[in-house]
Amino acid sequence: MLTLFGCQKGPIYRVDYGGQKESFDNARDAYRAGEQVELYYRFIATDTDYSFYLDDEQLNPSYAEDKGFIIRFTMPEHDVRLRCESRNTMIEMPPEEEVMLVDYYHAIVATVGGDQHDELVLYRTADGIRLDAYHGTPNTEETCVSRIVPEEAVTRCYEVIDRYDWRHIQEQETIGGMTGTVTVCKFRDNDGSYVRLSTEEMTDTMMDGMNEIAAILQSYCS
């Protein structure tokens, strides 16, 4: 047994997927040094360019209809970071103009002394992707904190949008609204128009998607 399996012994190193592990099929948290890693990336949108990086080295994936992008690499003798960067080629931005891409808004309303709102907004600007985080209450001035975040923040949000088919949200059956809180998501579509979703008129999976968008954007606020 030791002879047969001795080649599998050795140091194990971790892969940091930057919060995108669920986008890669066949992905594990760690691999042995020298192991041949093969992953599949299926979340592929039309009119979108994708680039994959292992640490700072760009990978050249192959493609198969039944698997999507096929990413292969040999696990080095250290922890690595694998990331996917995407850019929607249909979203063109005039020079020096910022474009709102994704807006998440949540408010607690009609409560005694508890009303407040939070808003997280992604913009594409000449300097990169900017995230603005707003917070306000009826008795305080609204605050805003801005930061430049990685392109992957946009990629992850649009993966949620595609997975829940929000571009066709008007065709989905509604189940009524919520009381006490209001949550709104708005995003820029490929043609430059905006799609708005609100818990005032929900579908059965809308809140799940909104919670995922909120978790993604909040992860870049720490």
Quick one: does M210's side chain get under 4.5 Å of T199's, heavy atoms only?
-> yes
Does one hydrophobic cluster hold both I216 and I148, with members joined at side-chain heavy-atom distances below 4.5 Å?
-> no
Does a side-chain heavy-atom distance below 4.5 Å link F24 with N26?
-> no
I70-Y17 co-clustered via ILVMFWY side chain contacts under 4.5 Å | no
Transitively linked via ILVMFWY side-chain contacts under 4.5 Å: W166 with M100?
-> yes
Do E212 and R156 sit within salt-bridge range, that is, some charged N less than 4.0 Å from a carboxylate O?
-> no
T74 and Q36 side chains, donor-acceptor separation under 3.5 Å = yes
With the side chain counted from C-beta on, respond yes when D29 and V15 share a heavy-atom pair under 4.5 Å apart, and no when they do not.
-> no
Under 3.5 Å, side chain of R72 to main-chain N/O of L59, donor-acceptor pair present?
-> no
Close side-chain approach of Y41 to C84, heavy-atom, < 4.5 Å = yes
Set of side chain to side chain donor-acceptor pair (under 3.5 Å) partners for E35, sequence neighbours left out = R28
Might you work through the side chain to side chain contact (heavy atoms under 4.5 Å, CB included) test for L197 and V184, ending with a clear yes or no?
-> CA-CA 6 Å; L197 299 83; V184 176; over 6 Å; no
Are R130 and E98 within salt-bridge range, i.e. N to O under 4.0 Å?
-> yes
For the residue pair F187 and Y158, categorise the inter-ring angle as parallel (less than 30°), tilted (30 to 60°) or perpendicular (more than 60°).
-> perpendicular
Under a 4.5 Å cut-off applied to non-hydrogen side-chain atoms, are V102 and C185 in contact?
-> no
Q172 (side chain) donor-acceptor with D165 (main chain) under 3.5 angstrom | yes
T205 side chain to D208 main-chain N or O, any donor-acceptor pair under 3.5 Å?
-> no
Can you see which heavy atom on L39 is nearest to which on A27, and at what distance?
-> CD2-CA, 3.6 Å
Check whether any side-chain heavy atom of P11 sits under 4.5 Å from a side-chain heavy atom of E77, and report yes or no.
-> no
Which pair of heavy atoms, one from G136 and one from T140, lies closest together, and at what distance?
-> C-OG1, 4.4 Å
Output all residues satisfying side chain to side chain contact (heavy atoms under 4.5 Å, CB included) with C144, sequence neighbours left out; order by chain, then residue number.
-> D132, Y134, S146
Minimum-distance pair of heavy atoms, taken over all atoms of R42 and D66 | NH1-O, 2.7 Å
Side chains of T125 and D127: do they bring a donor and an acceptor to under 3.5 Å?
-> no
Mind checking whether Y40 and Y53 sit in one hydrophobic cluster, side chains of I, L, V, M, F, W, Y counted as touching below 4.5 Å?
-> no
NZ of K186 to CD1 of I213, rounded to nearest 0.5 Å, is 15.0 Å
Any side-chain heavy-atom pair of L120 and L131 under 4.5 Å = yes
Would you indicate whether D56, at its atom CG, is surrounded by more than 12 heavy atoms from other residues, nucleotides or ligands within a distance under 6.0 Å?
-> no
If you take all heavy atoms of C221 and A133, which pair is closest and at what distance?
-> SG-CB, 4.2 Å
Between E152 and R83, is the closest basic N to carboxylate O distance under 4.0 Å?
-> no
Before giving the answer on ring pair (Phe, Tyr, Trp, His ring centres under 6.0 Å), spell out for Y31 and Y13 the whole-Å C-alpha distance, their side-chain angles and the decisive distance to 0.1 Å.
-> CA-CA 6 Å; Y31 297 87; Y13 297 98; over 10 Å; no
Can you check whether H106 reaches V182 side chain to side chain, under 4.5 Å on heavy atoms?
-> no
Can you name the nearest heavy-atom pair linking I71 to P61, along with the distance?
-> CG1-CB, 4.1 Å
Candidate pair T155 and E85, rule side chain to side chain donor-acceptor pair (under 3.5 Å), full reasoning = CA-CA 7 Å; T155 301; E85 293 186 359; over 6 Å; no
NZ/NE/NH1/NH2 to OD/OE distance under 4.0 Å, D189 and R167 | yes
Look at R81 together with E57 and state whether they make a salt bridge at an N to O cut-off of under 4.0 Å.
-> no
Does E201 have any side chain to side chain contact (heavy atoms under 4.5 Å, CB included) partners at least two apart in sequence or in another chain, and if so, which?
-> T174
Shared hydrophobic cluster, I12 / M75 (ILVMFWY, side-chain heavy atoms < 4.5 Å) | no
Return the minimal non-hydrogen interatomic distance between D79 and D55, and the atom names on each side.
-> O-OD2, 4.4 Å
